[in-house]
Every structure is written in C-alpha cells, then in structure tokens.
Amino acid sequence: MNDNEQEVLNITDDMPEQMAVRHKHLEELRALGIEPYGDRFPVTDKICDVRQKYGDMEPDKAGGEVSIGGRLMALRTHGKAVFGDLADQEGKIQIYFGLDTVGKDNFNLLKLIDIGDLLGVKGEVFITRRGELTVMVREFKILGKALRPLPEKWHGLKDIELRYRNRHLDMLMNQDVRERFILRSRLISAIRGYLDGLGFLEVETPAMGMLAGGALARPFLTHHNALDLPLKMRIALELHLKRCIVGGLEKVYEIGKVFRNEGISTKHNPEFTMLELYRSHADLTDMMEIAQGIVSTLCEKVLCSWEVPGTDGGTVNLKPPYPKMTFAEGLKKYGGIELSDLRDPVKSKEIAEKLGFNIERKDNPGYLIDKVFSMVVEPHLVNPVFIVDYPVEISPLARKKPEDGSLVYRFEMFIKNFEIANAFSELADPVDQHERFKAQHELIKKGDTEAHPMDEDYLAALEYGMPPTGGLGMGIDRLLMVLTGSSSIRDVIIFPLMKPADQV
RNA sequence: GGGCGGUUAGCUCAGUUGGCAGAGCAUCUGACUUUUAAUCAGAGGGUCACAGGUUCGAGUCCUGUACCGCCUACCA
C-alpha cells in the first residue's frame, strides 16, 4: 500500500477532469471545516410521504417543515436561485436554494456541491410558479461526496454490461430497477410469511459439505484449509431437509442459494435461489395447494393483481385454481404422440426423426421422453397448469404409483413456459434409494460428472424411517422473472456473475 | 458449445467512398432570484475494446483475442 502513496497523492493529475473537480471540491470543503463523509443528518421524512402529504396543497400556502435525505440527481442554477432534484429510495422531489432563504455562506457552499452528492435537507414545502412541489431549503448538509460523475440525466445508464457490472449505478439511476429489487425482497418475504402461516419451520442447512446431492449437476469445489479438506458447494437443498423430516420436524422449508457449475445464459446463473419445502404426512395434492397458494399470495398481497406481463405484450392470468393435465395427455393434445410410443425403441426413433433431432448421444428412453415433451408440449404451457403423472424414467426420486408402475407421484407447475415448481411424493424406502444411488454411482465410475453421488449419511437417516412426505421445489429467480416480466435472469439477480473484464 | 451483432469523450449516441475525431447531456468560465431535459455566451475533454495486418494514410478494410447482447443447444 505504501508503495502507492505517491500515486494516491497525485491522483488528480491523471484522472478525468470531472473527477479531478470533485476531488478538489472535497478538499475545499474540508478546508472550510466541513466533513463530506461525516455524521448523520436527522432525516425524519420519506420523500414519497412528503409528496403524499402535500401533493394537493394550495399553491399560495406554505407547507410544514420536512427533513429529507437523498441523492442530488440534477442541479439547475439560476443566478441567486438554485433548483435541484433530490431522490431517496422511493421518491424524488425538487429542492430550492435561494440566496436569501439559505443564507450567503450556505449559498456559496453550493459551488462545492456536485450532482450525485448525498444531501440532507431541512425546510418548508411550497409550490413554485410552475406548480412543482418543492422543499425550500433552510438548512442542508453534505452527507457523502460523489467523486465520480453520474451517467447522463436524460438517457440514464443504458449499456447493459455497465448496468450488470455496476448494479449500484443501475439502481441509482433507474428507478424501475430499484423497484424490481424492492419487489424481489417483498415477494420472498411474502413467501416466508405464507409458509410460516401454515406452520412451516425455516431451517438452514449446510451450503458446503463432502457431497453435493439432491439433483443432477456438477458442483463447485472449494477447500477448508485448517482441515485440509476438499469440499463441495450444494446443488440442492433436498437431502438435508429430508433428514430434518426424519428427525421429526414435520413441516420444513429453506430459501437459499444453490450453486451449479454449468453454463450461463439468460435463464441460468451459477448461483441461484431455491425454495424447497417438505411436509410429512402429506401428498401431491397438498403440494399442489401450497404451490398454488404461494403464487396466489404473491399476486394478492404483493403484486395486487392476478395479471402478470406475458411474453408478447399481453398478460397472463394467475388466478387459481390451475387445471391439471397428465404428461401423456399433453403429448397427445399438442403433438398427437402416445407416451407408449416413446417407450417403443422403433416408434420413438421415428418420432425423434420427425421432430428433427437425433438421439445418439444419450440413447435412453428417459432422455427421449423428456426432450420430446419439452419440444412438443412446453411451448404451449403459457397459462398456469399442473402437469401430473410423470413417467418413471425421468423421475428417479419419486414414488411409483401403485396402480401403474410406469408413472410416479410427481407434478410440475408451468407458467409462461417456465417450469416454476417441481413436486414429488418422496421416496422413503431406504433399500430402493440405495439401489438408485448404486446405479448413479456406476455412472460416476464411467465418468458422468453430473450423476448423483452415493450418500451414506442420507441412507442411514432413511433407515430410521421417514414418514410419507410431500416435497416441493421452486426456482425463485425464475418465478420472479415470470412475475416481473423479465426476459433475463440477470434482471432479477442484483449482482449476477460476470466474466472479468479489463477497464470496465 | 454454434451462428449473428455490438464495443468511439464521464454518459447517450453519430461518424458518408479509407483522407484533420463529432453532437447532446455532463464538466469548466461568465450572465441570470421560481427553474425543471432551464436558457444565453464561450472553453476544455479521445489508447476509436485489445493485438496484429493491408495502405502514402485505418474509427472505417482484413485476421486474431476479450467482453457484452440476441438466436440456438443443455442444465432449474
């Protein structure tokens, strides 16, 4: 650090003009005995409350005194009158500095204030000649100096790369972005409220451990130094939560990050937020109610609307109840395909060729069934729907239906072509589970990096007996994409992962 | 992973046939006590993403690299 001291001292020599000016203002303020990163200012009012309270005030009357704090977003100097726009989390309001209302010394201080600075302001509310609700500043304090200039006031920050890499700036400049993340927080909070109201317990299970199971995906690897232990980041919440069920917690859930070492796209971020919940003595019908209940709660209590933005300008109505359609019905309705034909080696190959893809790489019935369904059926699943009666081939973790061993107790809830929820009647038979792990373990030996590891601890837990249990998983980020009409997952994750870039 | 497109001032963007690097906002200087994309007069600000190549001469043409976006494939 000390080696850089010279460089730091001369910082203004080698920086864009606008930053040098701001550094100079900072020094001049300190020379006047004003600390631009100092104590708090007694902010007692929110700007949106001020607007609410005085919004329909008589133009000639003087309003009450308010004390607000926020960021200076614009400054219009007009000789001995200066107007600014001050913005806080939800609101923005005009502030007025007059030479005779703020005093000569304070008025001169305005020369040292730059757009982007954080200000605390106290004064009376009034309405200007042009009818703008304004705070007449009597007293103000610099609460934080902005050493970098803000983006352009009219167009704002548009460059998508800059927005993702500098989300603080994105939120600061673009109110809709700020609102979207406020909404994200409220939605997640409402999910917690709903589940807590049903008597669920929120638990926190380990994010790292020796094994990463509960899904088929490559984990991130990390390392514990003191123990000299290789560790993996979790890819799902499932196995620990079910161990909680074995332990006698009857309704548990977790909302947490999982990490999957896979590609990045508009629908995939390496770390993302999952909700998983498990309820003993429950079945798929209960899980359906809960899945529907979560979406309903969000619509009613947070969005205050059943309508969410559709993919092409229209809207999608999320008012329950949602219809059910079996997996086989979907194939038949949208593709004229019989599920049984997909299990037939000859007929399935014909269907695949007709759809225009080859199945050489993973030539197994499960892969084919899944692929055909997502190609033929999923594009039609715009309105909320439960797809039920999944084939056993693509549902290795669910219990088989007693009346038809080729189908399992499982549903997925689709909205706007997104698979929003996935639910099972959980497999509780430890011997069956052991067999399935063994099969997966064979794949690992053959080099499959995404196969499920043998989890002896989980098996041992199951061997104490797990009651009949319903489980539900929801990808929170994707749910938020659907609810907010976002086309990229990066629009609902505040700080999405970006590749390192020089000079940005 | 594959295909297409983008990268020029702090920000938003122009840049013609290859011929001195442009505008608006922002910044600086000056005027202005009710403006609001304030206005008016002037000024400064550039590694044209990066590395090569062609050329008398490259922001512009060619090759490669990086990052971002869109489409596409897989994963949720």
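All values derive from a computational prediction rather than experimental measurement. Reckoned from all heavy atoms, side chains included, excluding hydrogens, waters and symmetry mates.
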Picking from [options], which would you name as closest to the side chain of [X]?
{"X": "T266(A)", "options": "C70(B), U36(B), A73(B)", "result": "C70(B)"}
{"X": "W154(A)", "options": "A37(B), U33(B), U35(B)", "result": "A37(B)"}
{"X": "S265(A)", "options": "A73(B), U12(B), U35(B)", "result": "A73(B)"}
{"X": "D100(A)", "options": "C28(B), G69(B), U33(B)", "result": "U33(B)"}
{"X": "T77(A)", "options": "C32(B), U12(B), U33(B)", "result": "C32(B)"}
{"X": "E152(A)", "options": "C67(B), C32(B), U12(B)", "result": "U12(B)"}

Is there a side-chain contact between R130(A) and the phosphate of U35(B), meaning an N or O under 4.0 Å from OP1 or OP2?
yes
Compare side-chain N and O positions of H78(A) against OP1 and OP2 of U34(B) and report whether any pair is under 4.0 Å apart.
yes
Gap between atoms [atom1] and [atom2], on [X] and [N] respectively (whole Å):
{"X": "L162(A)", "N": "A49(B)", "atom1": "CG", "atom2": "C1'", "value": "12 Å"}
{"X": "L497(A)", "N": "C67(B)", "atom1": "CG", "atom2": "P", "value": "12 Å"}
{"X": "K158(A)", "N": "G69(B)", "atom1": "NZ", "atom2": "P", "value": "17 Å"}
{"X": "F97(A)", "N": "U36(B)", "atom1": "CZ", "atom2": "C1'", "value": "14 Å"}
{"X": "M173(A)", "N": "A26(B)", "atom1": "CE", "atom2": "C1'", "value": "11 Å"}
{"X": "K111(A)", "N": "U27(B)", "atom1": "NZ", "atom2": "C1'", "value": "17 Å"}
{"X": "E262(A)", "N": "C74(B)", "atom1": "CD", "atom2": "C1'", "value": "8 Å"}
{"X": "H155(A)", "N": "A23(B)", "atom1": "NE2", "atom2": "P", "value": "16 Å"}

Considering only heavy atoms from C-beta outward, does the side chain of [X] approach that of [Y] to under 4.5 Å?
{"X": "K232(A)", "Y": "L221(A)", "result": "yes"}
{"X": "M171(A)", "Y": "I494(A)", "result": "yes"}
{"X": "F327(A)", "Y": "L407(A)", "result": "no"}
{"X": "M136(A)", "Y": "R138(A)", "result": "yes"}

Sugar-phosphate, base or nothing in reach of [X], heavy atoms under 4.0 Å:
{"X": "I115(A)", "result": "sugar-phosphate"}
{"X": "G156(A)", "result": "sugar-phosphate"}
{"X": "R490(A)", "result": "sugar-phosphate"}
{"X": "N261(A)", "result": "nothing"}
{"X": "M498(A)", "result": "sugar-phosphate"}

In the structure shown, which nucleotide is the Watson-Crick or G-U wobble counterpart of [N], with both distances under 3.5 Å?
{"N": "U35(B)", "result": "none"}
{"N": "G52(B)", "result": "C62(B)"}
{"N": "U29(B)", "result": "A41(B)"}
{"N": "C67(B)", "result": "G6(B)"}
{"N": "A23(B)", "result": "U12(B)"}

How are the rings of [X] and [Y] set relative to one another: parallel (under 30°), tilted (30 to 60°) or perpendicular (over 60°)?
{"X": "F414(A)", "Y": "F373(A)", "answer": "tilted"}
{"X": "H380(A)", "Y": "Y334(A)", "answer": "parallel"}
{"X": "F411(A)", "Y": "F386(A)", "answer": "perpendicular"}

Taking for each residue the nucleotide of RNA chain B bearing the nearest heavy atom, is the 5' side occupied by I127(A) or by N269(A)?
I127(A)
Which residue lies toward the 5' end of RNA chain B, P270(A) or T128(A), if each is placed at its nearest nucleotide?
T128(A)
Return yes if some donor-acceptor pair links the side-chain N/O of N417(A) with the main-chain N/O of P379(A) below 3.5 Å, else return no.
yes
Exam field: side chain R410(A) to backbone Y390(A), donor-acceptor pair closer than 3.5 Å
no
Distance between the [atom1] atoms of [N] and [M], in whole angstroms?
{"N": "A49(B)", "M": "C13(B)", "atom1": "P", "answer": "15 Å"}
{"N": "A31(B)", "M": "G19(B)", "atom1": "C1'", "answer": "41 Å"}
{"N": "U17(B)", "M": "U27(B)", "atom1": "P", "answer": "37 Å"}
{"N": "C20(B)", "M": "U72(B)", "atom1": "C1'", "answer": "45 Å"}
{"N": "G15(B)", "M": "G59(B)", "atom1": "C1'", "answer": "8 Å"}
{"N": "A58(B)", "M": "C48(B)", "atom1": "C1'", "answer": "11 Å"}
{"N": "U60(B)", "M": "G53(B)", "atom1": "C1'", "answer": "15 Å"}
{"N": "C25(B)", "M": "A37(B)", "atom1": "P", "answer": "13 Å"}

More than 12 heavy atoms of other residues, nucleotides or ligands under 6.0 Å from CZ of R148(A): is that the case?
no
Counting neighbours of CE on M454(A) that are heavy atoms of other residues, nucleotides or ligands and sit closer than 6.0 Å, is the number greater than 12?
yes
Quick check on ring pair (Phe, Tyr, Trp, His ring centres under 6.0 Å): which of F83(A), F107(A), F140(A) does F97(A) satisfy it with?
F140(A)
So, does the side chain of [X] form a donor-acceptor pair with the base of [N] at under 3.5 Å?
{"X": "R129(A)", "N": "U34(B)", "value": "no"}
{"X": "Y96(A)", "N": "U33(B)", "value": "yes"}
{"X": "Q18(A)", "N": "A26(B)", "value": "yes"}

Contact string for nucleotides 3-8 of chain B, one letter per nucleotide 5' to 3', B = base within protein heavy-atom range under 4.0 Å, S = sugar-phosphate only, - = neither, reads ------
Once you round to the nearest 0.5 Å, how far does CD of E27(A) lie from CZ of R30(A)?
8.5 Å
For residues 409-420 of chain A, which residues have at least one heavy atom under 4.0 Å from RNA chain B?
E419(A)
